[in-house]
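First comes the structure, then the notes that go with it.
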Amino acid sequence: MTVCVALTAACTSSSGSDDDKDKAASPTATTAPSKSATLDPAEAAKAEALTTYKAYWTELPKAYAVPAIEGTDLKKYATADALNKAIEETANLKTNGRVMTGEPVLSNPTVTGAELEKKTPSVSISACLDVSKWKITDKKTGQPAPVASSPVPKYVITSLMERWNGSWMVLKYELHADQPC
């Protein structure tokens, strides 16, 4: 349950920055070249990894709400430690008659390191996870379950991703409750 409590304080999903929304709404000159057309392969790989990372944080709350990973696309985005944690934590929630309600908010996911030339390319990602609206709840009563609270509702989360068979996968993550954001 410790990880569930920690996750509750750290999970979010990003819907894009205000800059992205402004760019989408801004007219462009027909003679200006598109930046996406000239995106170098390294930047494209990082962008793909971030898209997968956001999808992972969209699927994870779905699993914790049931609680089970079946019926979600979590296996498309997570493997190794990240997937094993989700399996263990959903089983723990189920055993204790609990679910997680609400959703975490992931903001500012950023690639902080990349080793794209390796046999198995990898990226490190850092983000801010807000779990203030993601709560452990008694499944029968719908009431909040008694759990130890995190010192801060928003904190840094770091993750490692690798490209396996052409797809980016979240391998592991670390919550940094001592680093508010």
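Residue indices begin at 1 and follow the sequence shown. All values reported here derive from a predicted model rather than from experimental measurement.
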Nearest 0.5 Å please: distance from the [atom1] atom of [X] over to the [atom2] atom of [Y].
| X | Y | atom1 | atom2 | result |
| --- | --- | --- | --- | --- |
| Tyr173 | Tyr56 | OH | OH | 4.5 Å |
| Leu93 | Met100 | CG | CE | 7.0 Å |
| Met169 | Ser122 | CE | OG | 14.5 Å |
| Lys46 | Glu48 | NZ | CD | 13.0 Å |
| Asn92 | Ile87 | CG | CD1 | 13.5 Å |
| Ile157 | Glu174 | CD1 | CD | 9.5 Å |

Could you tell me which residues satisfy side-chain contact (heavy atoms from CB on, under 4.5 Å) with [X], sequence neighbours excluded, listed by chain and number?
| X | answer |
| --- | --- |
| Ala47 | none |
| Asp40 | Ala42, Glu43 |
| Thr51 | none |

Return the minimal non-hydrogen interatomic distance between [X] and [Y], and the atom names on each side.
| X | Y | value |
| --- | --- | --- |
| Ser126 | Val156 | OG-CG1, 3.7 Å |
| Pro61 | Glu103 | CB-CG, 4.4 Å |
| Ile125 | Met161 | CD1-SD, 3.4 Å |

>> Could you go through Leu116 and Val123, starting from their C-alpha distance and side-chain angles, then the distance that decides it, and tell me whether this counts as side chain to side chain contact (heavy atoms under 4.5 Å, CB included)?
In response: CA-CA 8 Å; Leu116 302 173; Val123 296; 4.0 Å; yes
> Does atom CD of Gln179 have more than 12 heavy-atom neighbours from other groups under 6.0 Å away?
Replying inline: yes
> Any chain of hydrophobic side-chain contacts (each under 4.5 Å) joining Leu175 to Leu171?
Replying inline: no
>> Quick check on the hydrophobic clustering: are Val170 and Leu83 connected, directly or via other members, by side-chain heavy-atom contacts under 4.5 Å?
In response: yes
>> Between Thr137 and Thr101, is there a side-chain donor-acceptor contact under 3.5 Å, judged purely by atom types and distance?
In response: yes
> Run the side chain to side chain contact (heavy atoms under 4.5 Å, CB included) check on Tyr64 and Thr90 step by step: do they pass?
Replying inline: CA-CA 6 Å; Tyr64 283 55; Thr90 56; 4.0 Å; yes
> If we only count heavy atoms from C-beta on, is the Lys135 to Pro144 side-chain gap below 4.5 Å?
Replying inline: no
> Do Ser167 and Thr52 touch side chain to side chain, with heavy atoms closer than 4.5 Å?
Replying inline: no
> Ser159: what forms a side chain to side chain donor-acceptor pair (under 3.5 Å) with it, not counting sequence neighbours?
Replying inline: Tyr53
> Looking at residues at least two apart in the chain, or sitting in another chain, which of them share a salt bridge (Lys or Arg N to Asp or Glu O under 4.0 Å) with Glu162?
Replying inline: none
Using residues 68-81 as the side-chain source, report each donor-acceptor pair under 3.5 Å to any protein atom, sequence neighbours left out, with the distance given to one decimal.
residue : atom : partner : partner atom : Å
Thr72   : OG1  : Ile69   : O            : 2.6
Thr72   : OG1  : Leu74   : N            : 3.3

>> When you measure from the side chain of Lys139 to the backbone of Val66, do you find a donor-acceptor pair of N or O atoms at a distance under 3.5 Å?
In response: yes
> Does Asp130 offer a backbone N or O that forms a donor-acceptor pair with the side chain of Ser132 under 3.5 Å?
Replying inline: no
